Amino acid sequence: MIKSPRGTRDLLPPDTALWNFVEAAVREVFQAYNFHEIRTPIFESTELFARGVGEDTDIVSKEMFTWEDRGRAESDKGQSLTLRPENTAGVVRAYIEHKLWDRGLSKLFYIGPQFRRERPQKGRYRQFYQIGAEVIGPAAAGSQSPARDAEILELLATLLDRVGIVNWKLELNSVGCPADRAQFNEALRQALAPVVATMCADCQRRAVTNPLRVFDCKVPEDQPIIETFPTISQFLDEACRTHYEEVKNILNAVQIPYVENNRLVRGLDYYTRTAFEFTHGALGAQNAILGGGRYDGLSEALGGPAAPGIGFAIGEDRLVLSLTTSAESVVRKPDVYIAPLGAGMNREAARLARELRRHDLVVDLGDDSFRLKKSFEAADKMAGRYILIVGENEVKADAFAIKHLASGEQVTVPRAELAQWFLRKK
RNA sequence: GUGGGAGUAGCUCAAUCGGUAGAGCAUCGGACUGUGGCUCCGACGGUUGCGGGUUCAAUUCCCGUCUCCCACCCCA
């Protein structure tokens, strides 16, 4: 049997209804904040991610699905392409390619699959879905304002509340600008030097590759050592500090709860200043439901103009896992099941179904070979509200038997009044 | 990528010391010709994840492999 590849999965009904419920709610929220949808390619030049996400990140160095495309002619060199592991780089590439700065501030959102070649786990798949947004534009359009950071965070709180996620937690930090981080990194290296030998193997590795990451360490014995390290907050320059303070001021003003976590770091190279994560307890080890932050230098790193920005990505798979809403509860059930009874009744049933569906009713129907009992069972199984019987008697009388399945109440309604009758009952 | 656990019918699970695979639910049919949910009867359904080894005999023991789950790692 051919199975779906490792780390991929089929989403089937009724689960798809839950996904659609989430996406519909999310789209409404984005609309209220005047965000507009962007759709970028599923694959891009490998170079985009190398430059945008960072060569040294785990994502780029070992988790991408990359292949060499054939050249068009024998003489052509192939091009290296990669399934997108995240969507921010693609959005910023599109921003640059289409010169979106001419439109002022761009507030864009996307919903779509991303791909990382990781070992699968609960809430971690090789094809996973992200709902994300980016606010990007010239500084003159306000793209660098802390008001944008706060707006994004407030939008997220609204969005999570809206889809029914309870008990989310917002963790907030500022990772400063590149100069701050360089200083901080140096200080961290110095603090690590005398003690690193006593720390866990992972920390010893991190100390060399990416010292910031030691803050992610979960080994209990290392914690007292980590407590003594400097934090990024001590190295923020005046502008970064002011920016961060103003983000918090606005959050307080709109009453969005958050906790500061000066150990919060981001895995992608492009982040500057504000960094955040929303977590949820129901997710096990993959407890981050969404993450994001500011990336003031990304556009320039990709060869574009200065275009400060801030964005986030929600792990849609994880969001759905955190939902308490059941899939069943959001599936729309048939308003009426039409039961053609007796040979030749399919035609009449089809006419009625067509007419009722034109009135926005959810209609399903059986087959004139079914015995009536079977039609009832079918209607029950799909949790229809009414069953409408189309038999010889009804056609002759030009009036149809309609039975409410839950109560057993039955009435006869003339053909001309059918649609209105159902609409009144909705 | 590392370590651990698990894979038996569509689903949830049994199968004693290694003795030749079973139940509930679901599905389909009947009891019941135009009135359902309940009940009863019956049927369908399996390369025991896959491949190899040991054995007279393997769902069971061993090796490999694949997939999922848990933790690490990483991230959303």
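This structure is a prediction, so every number in the text was calculated from the model and none was measured. In what follows, chains carry the letters A, B, and so on, assigned in the order in which the sequence lines appear, proteins first and then strands, with residues in each chain numbered from 1.
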### Message
Give the dot-bracket line for RNA chain B from 5' end to 3' end: parentheses for intra-strand Watson-Crick or G-U pairs under 3.5 Å, square brackets for crossings, | for inter-strand pairing, dots for unpaired.
### Response
(((((((..((((.....[..)))).(((((.......))))).....(((((..]....))))))))))))....
### Task
Indicate for each nucleotide in nucleotides 33-47 of chain B, in 5' to 3' sequence, whether protein heavy atoms under 4.0 Å reach the base (B), only the sugar-phosphate (S), or nothing (-).
-BBBB----------
### Query
Without hydrogens or angle criteria, can the side chains of Glu154(A) and Tyr33(A) be said to hold a donor-acceptor pair below 3.5 Å?
yes
### Task
Classify the ring geometry between Tyr386(A) and Phe422(A) as parallel (under 30°), tilted (30 to 60°) or perpendicular (over 60°).
perpendicular
### Between CZ on residue Phe21(A) and CZ on residue Arg332(A), distance to nearest 0.5 Å
15.5 Å
## Note on the structure
Per-nucleotide protein contact along nucleotides 65-73 of chain B, 5' to 3', at a 4.0 Å heavy-atom cut-off (B base, S sugar-phosphate only, - neither), is --SSSSBBB
### Query
Lys374(A) has a side chain; which of C28(B), G29(B), A76(B) sits nearest to it?
G29(B)
### Query
Between Gln190(A) and Glu186(A), do the side chains contain an N or O donor and an N or O acceptor separated by less than 3.5 Å?
yes
### Task
Quote, to the nearest angstrom, the P distance that separates G42(B) from G7(B).
32 Å
### Distance-only side-chain donor-acceptor flag, Ser106(A) / Glu134(A), under 3.5 Å
no
### Query
Are the charged groups of Arg27(A) and Glu23(A) less than 4.0 angstrom apart, N to O?
no
#### Entry: Identified side-chain hydrogen bond (donor to acceptor under 3.5 Å, both in side chains) partner of Asp317(A) from the options Gln127(A), Arg9(A), Lys122(A)
Arg9(A)
### Task
May I ask you to say whether Arg415(A) pairs ionically with Glu394(A), meaning some side-chain N is under 4.0 Å from a carboxylate O?
no
### Query
When you compare G22(B) with A15(B), how far apart are their C1' atoms, in angstrom units rounded to a whole number?
7 Å
### Query
From Ser80(A) OG over to Glu68(A) CD, what is the distance, rounded to the nearest 0.5 angstrom?
5.0 Å
### Summary
Nearest heavy-atom contact between Ile96(A) and Ser299(A) is CD1-O, 3.6 Å
